[in-house]
Structure formats: C-alpha cells, structure tokens
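Both counts, for ligands and for their atoms, begin at 1 and track the order of listing. Since this is a predicted model, take the numbers as computed values, not measurements.
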Amino acid sequence: MALSSKILDKLAKHLHACQREARDTPKITDDHPEMDFDDAYAIQDRILAAKLKGGAHMAGYKAGLTSHAKMKQMGVTDPVFGFLVDEFTVADGGEVKVSDLIHPKVEPEICFVTRDELKGPGCSIANVLAASDVVLPGIEVIDSRYRDFKFDLKSVVADNTSASRFVVGGHAVDARSVDLRTTGIVLEKNGVPVALGAGAAVLGHPAAAVAMLVNHLGRRGKTLPAGSLVLSGGATEAVAVQAGDHVCLRMQGMGSVSLRFV
Ligand code: 0L1
Ligand code: MG
C-alpha cells in the first residue's frame with residue numbers, strides 16, 4: 001500500500017459522492033500517482049462498506065474489461081473486479097433515469113449464478129462450471145465517474161469499475177447445458193443491432209472471467225459465496241445511451257432482457 005488510511009478514506013468518500021450525485025471528477029491518480037492496486041481495491045472496499053452501512057445489500061460481483069473489444073476501447077490490458085449492490089438493480093423492461101448518471105453506456109454480459117461456494121487461488125473454468133447453477137443474459141450500465149472516461153486501471157478499480165446499474169432476465173439455462181463460447185449475442189438500441197458477439201469474446205470462455213474473480217478474491221482472503229450473481233464482463237464494446245433509448249439484449253437460447261433510458 002502506498003497511501004495512508006486517511007487518504008484512502010478521503011478518496012472513497014469523494015468517489016462515492018461523485019457516484020451518488022452524478023458528478024464527474026478527474027482521475028484520482030492525477031493527485032496520487034503513487035497509488036497502487038491494493039490501495040485501489042481498499043478504496044473500493046470502503047465504498048462498499050459505506051453502502052452496506054447505509055442499508056444497501058450485496059447483489060453480486062462483476063468482472064470488467066474481460067474482452068479484447070473492451071480493453072481496446074478503453075486502452076487497458078487487464079480485467080478488473082467490482083461489487084454489485086441492490087441499489088444498482090433494474091427490473092427487466094424497467095427504466096433508468098439518465099439524470100441520475102453522468103455518461104452511461106451499456107454492454108451485453110453473460111451472467112452466472114453459483115450454486116456452491118468457490119475458492120481461489122487455483123480456481124479454473126471447470127471449477128466454475130461445476131459450481132454454477134444457471135447462466136442468463138444481463139445488460140450492465142457502466143458510468144465511469146471520471147471525466148470523459150479518461151482513466152487508468154487503478155482509478156477504475158477504485159471507482160468500483162464504473163458499476164452503476166444492471167438488469168438480468170430472459171431465460172436462465174443450466175450453465176453446463178450450453179457451450180458458452182459459441183453463445184450468440186445481439187445488442188439492440190431502438191430496435192437496431194448495434195453490437196454483435198459471442199461468449200468466447202470474454203477471455204475465450206466467460207467462465208474464465210468468473211474463475212479470475214474467484215482467484216482475485218482468494219488472494220484477498222475471500223471466497224465467492226454460494227448463490228452469487230456474477231456479471232462476466234461485456235462481450236462487445238460498450239455503447240453510449242441517452243434519454244429515450246430502448247436497449248434490448250438477445251442471447252442465443254436465453255431469450256432477451258431490456259431496459260429503457262428516460
Ligand atoms: O464493466 C466493465 O467492463 C468495467 C468497465 C470499466 C471501465 C469503463 O468504464 O469502461
Ligand atoms: Mg461490464
């Protein structure tokens with residue numbers, strides 16, 4: 001760790017306020033270039049603690065920047081991990097108020113629900129599939145708190161990997177009954193396909209993203225509890241949205257899920 005506890009507290013408060021007030025900020029490494037990844041995850045942990053203290057409940061976990069399309073779009077090279085709480089959830093077909101956000105984008109994700117606890121290090125795709133219950137389609141709404149989406153990986157981690165809203169729905173299927181690498185993905189905005197992909201876009205197999213999350217948690221002395229929802233990461237580039245947009249994700253064999261921006 002490079003930053004003092006006092007600075008970590010201050011940065012967590014700052015980013016949490018930016019999220020709640022839909023206010024952007026320059027990336028935090030501008031003022032703290034020495035910040036390391038342990039600091040960044042410690043800031044994220046502080047934001048989660050503040051949310052739980054304020055009455056929020058854990059809703060799951062997310063892996064981010066898990067596809068080459070997203071890494072290229074954002075100019076970074078490694079996946080990142082974040083948390084989901086109930087205040088981020090949107091009902092299938094529900095509405096998201098754009099005035100609550102800064103500059104939202106949407107991305108299509110294959111989502112896992114686990115049946116057994118998973119522990120790392122050493123967690124593999126096989127372990128994830130063996131411990132999974134169902135997979136289903138989900139749309140993540142990301143909303144980096146950093147001005148003009150200009151950030152580095154450490155700043156993104158501290159900002160809970162841009163998490164802001166998500167919807168899961170469609171038709172859940174047994175995680176072992178489908179080849180998730182060849183699962184086709186069509187993301188539509190206002191009825192027009194705007195991003196196309198397949199599950200293999202996510203690290204070769206979306207379960208690999210869940211395994212990486214589990215190994216990340218293991219390095220930090222944590223496990224992935226049974227019954228966890230995990231968003232495995234955008235399979236395509238993220239698509240910008242504005243008020244009036246209707247977004248629908250169609251996933252092969254798993255139906256569709258949608259939301260509307262108002
Ligand atoms: O879910 C994600 O892929 C995380 C994205 C973090 C960076 C961004 O805001 O694009
Ligand atoms: Mg995502």
Numbering as shown, the atoms of ligand 1 that approach [X] to under 4.0 Å (heavy-atom distance):
X	result
Lys62	1 (O), 2 (C), 4 (C)
Ile142	1 (O), 8 (C), 9 (O), 10 (O)
Lys70	2 (C), 3 (O), 5 (C), 10 (O)
Thr161	4 (C), 5 (C), 6 (C)
Glu140	1 (O)
Phe149	9 (O)
Gly64	1 (O), 2 (C), 3 (O), 4 (C)

Output the distance between atom CG (Leu3) and atom CG (Leu11), rounded to the nearest 0.5 Å. 6.5 Å

Do [X] and [Y] touch side chain to side chain, with heavy atoms closer than 4.5 Å?
X	Y	value
Ile142	Lys62	yes
Val98	Gln242	no
Lys189	Asp245	yes
Tyr61	Leu229	no

N/O/S atom name from [X] that is nearest to the position of the Mg ion (ligand 2):
X	value
Glu140	OE1
Glu109	OE2
Glu107	OE2

Under 3.5 Å between some N or O of ligand 1 and some N or O of [X]?
X	answer
Ser144	no
Ser162	yes
Leu65	yes

Under 3.5 Å, is there a donor-acceptor pair between the side chain of Ser132 and the main chain of Thr114? no

Do Arg220 and Asp45 sit within salt-bridge range, that is, some charged N less than 4.0 Å from a carboxylate O? yes

What is the closest protein heavy atom to atom 2 (C) of ligand 1, and at what distance does it sit? Glu107 OE2, 3.3 Å

Could you label the plane-to-plane angle of the Phe151 and Tyr146 rings as parallel, tilted or perpendicular, counting under 30° as parallel and over 60° as perpendicular? perpendicular

For Phe151, is the nearest heavy atom under 4.0 Å from an atom of ligand 1? yes

Decide whether a cation-pi geometry holds between Lys105 and Phe149; the criteria are a distance under 6.0 Å from NZ or CZ to the six-membered ring centre and an angle within 45° of the ring axis. yes

Are more than 12 heavy atoms, taken from residues, nucleotides or ligands other than Arg250, located less than 6.0 Å from that residue's CZ atom? no

